[in-house]
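Both ligands and their constituent atoms are indexed starting at 1 by order of listing.
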Amino acid sequence: MSKRKVLVTGGLGFIGSHTVVALQNVGFDVVIIDNLSNSSIDVLAGITRITGIEPEFEKLDLRDKNAVADFFKKYTEITDVIHFAASKAVGESVQNPLLYYENNLSTLVYLLQHMAQKDKSNFIFSSSCTVYGQADEMPISENAPVKPAESPYGNTKQIGEEIIRDTCKVKDGLKAISLRYFNPIGAHPSVEIGELPIGTPQNLVPFITQTAIGKREKLSVFGNDYPTDDGTAVRDYIHVLDLAEAHVSALQRLIEGKEDKNYEVFNLGTGKGNSVLEVIKTFESSTGQDLPYEIVGRREGDVISAYADTKKANEVLHWKADRSLDEGLKSAWEWEKKVNK
Ligand code: WQD
């Protein structure tokens, strides 16, 4: 029997590539769409070396409405989509909002226009805990209010969720899940795929590993005057393999289609918060590397604390993040050493 084929947009990216591996590991066929604007074609070979199965690949910019239409004419059998492709740098989105609204939203609309025409289709959306802004209570549950976005990037995630929700309301055949990621870190233990930040890393862990390998002089810790135990901001750092496996669980839930509701939201985190200084100390103890850092001022738009209430994903998706911060940091370090060989 032929395998079920899943479209993964942005499948050569950090979370996308790890999700492709997780999908192949449980027997799905995968077609990747990627425009290579923030990824490398080498990732395709990395995925293939891990699973022994080369995913189909279409270099395509989802902003090209006709190219999207041609894709679905070619792949008529596809009814399952996991949509990662988007721009995701918070700071860049403030400087270039129209790039973010076009790239993150028009592409979503074009995909949904095709998925919504099918008798039955399943759509998983890559969202973010950023939609909560600074939540009033920790841990953050899916019922926490979505707050006015602090950046165009965060706004595209909020609007994206609303576009999907509104479409599901009138298209019974379309079932969708938005997955709100906390802070993805780490790399595949094979060291064949990992995070490939282009230019200066915006995120903490790649900046840490690039500092440890000597590419950066020191880490700037953005503020130690927050109302937290050690004054530095707290986040929920989830191993990218746990995150990838959650996408498989979410897709399997939609395929089984037991539920009457056709739109759901899940927070994906470990449920544990760690401060920036705790991450630094854990990195040093788990890798034996000293990490030079300097405390500087707060970064605009940062929240004090964000970590997930994971009950809903644990109970409904039968999924739990079980890899430790230590494992995430060690795997990120192994990957950094590999890419700098
Ligand atoms: C984590 C902590 C920083 C860099 C963002 C997006 C979110 C998702 C993940 C895309 C914060 C501190 C960081 C540095 C530092 N992105 N830090 N020095 O901001 O929690 O979340 O990335 O999907 O949507 O909002 O992640 O890794 O940038 O920062 O002190 O050089 O590390 O202040 O407290 P963030 P981050």
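Contacts between S220 and ligand 1 below 4.0 angstrom, taking non-hydrogen atoms only, involve the backbone exclusively. Residue contacts with ligand 1, taken as heavy atom pairs separated by less than 4.0 Å, do not involve Y181 at all. Only the side chain of L219 comes within contact range of ligand 1, with a heavy atom under 4.0 Å; no backbone atom does. Under 4.0 angstrom from ligand 1, the non-hydrogen atoms of T130 all belong to its side chain. Contact annotation: for Q202 versus ligand 1, heavy atoms closer than 4.0 Å belong to the backbone alone.
Of the protein's non-hydrogen atoms, the one nearest atom 12 (C) of ligand 1 is V276 CG2, 3.8 Å. The protein non-hydrogen atom at the shortest distance from atom 6 (C) of ligand 1 is V90 CG2, 3.9 Å. Remark: minimum distance from atom 23 (O) of ligand 1 to any protein heavy atom is reached at Y153 OH, 2.8 Å. Of the protein's heavy atoms, R235 NE, 2.6 Å lies nearest to atom 20 (O) of ligand 1. The protein heavy-atom contact nearest to atom 29 (O) of ligand 1 is R299 NH2, 3.3 Å. Ranking protein heavy atoms by distance to atom 22 (O) of ligand 1, first place goes to N203 ND2, 3.0 Å. Nearest protein heavy-atom neighbour of atom 33 (O) of ligand 1: D302 OD2, 2.6 Å. What sits closest to atom 7 (C) of ligand 1 on the protein, heavy atoms only, is S128 OG, 3.8 Å.
Taking a cutoff of 4.0 Å between a charged side-chain nitrogen and a carboxylate oxygen, D61 and R63 qualify as a salt bridge. Salt-bridge check for E264 with K312: failed, with every basic side-chain N at 4.0 Å or more from each acidic carboxylate O. Using a 4.0 Å cut-off between charged nitrogen and carboxylate oxygen, D225 and R298 count as a salt-bridge pair. A salt bridge links D326 with K330: the closest approach of a Lys/Arg side-chain nitrogen to an acidic carboxylate oxygen falls below 4.0 angstrom.
Polar contact with ligand 1: absent for V205 (N/O pair, distance under 3.5 Å).
Shown in contact with A233 at under 4.0 Å from a heavy atom are these atoms of ligand 1, numbered in order with element: 34 (O). Close contacts of ligand 1 with V221, meaning ligand atoms under 4.0 Å from a residue heavy atom, involve 30 (O). For ligand 1, the atoms closer than 4.0 angstrom to any heavy atom of N183 are 20 (O), 21 (O), 26 (O), 35 (P).
Listed by first and then second residue, the side-chain hydrogen bond (donor to acceptor under 3.5 Å, both in side chains) pairs that reach into residues 170-184 are N122-K175, S126-Y181, Y132-R180, E161-R180, S178-Y263, Y181-H247, sequence neighbours excluded.
Cluster annotation: V303 and F182 are assigned to distinct hydrophobic clusters (Ile/Leu/Val/Met/Phe/Trp/Tyr, side-chain heavy-atom contacts under 4.5 Å, transitive).
Figure legend: cation-pi geometry between K215 and F207 absent, as NZ or CZ is not positioned both under 6.0 Å from the six-membered ring centre and within 45° of its axis.
Counting heavy atoms only, F222 comes closest to atom 17 (N) of ligand 1 of the residues F182, F222, F207.
Within the structure, ligand 1 has Y237 among the residues with a heavy atom less than 4.0 angstrom away.
With hydrogens and angles left out, the side-chain atoms of T232 and N224 include no donor and acceptor closer than 3.5 Å.
Counting only heavy atoms from C-beta outward, the side chains of Y307 and I140 never approach each other to under 4.5 Å. Between V296 and V221, the closest side-chain pair of non-hydrogen atoms is not below 4.5 Å.
For an aromatic pair to be called close, the ring centres must be under 6.0 Å apart, and F14 with H18 satisfies this.
With sequence neighbours left out, Y75 forms a ring pair (Phe, Tyr, Trp, His ring centres under 6.0 Å) with F71.
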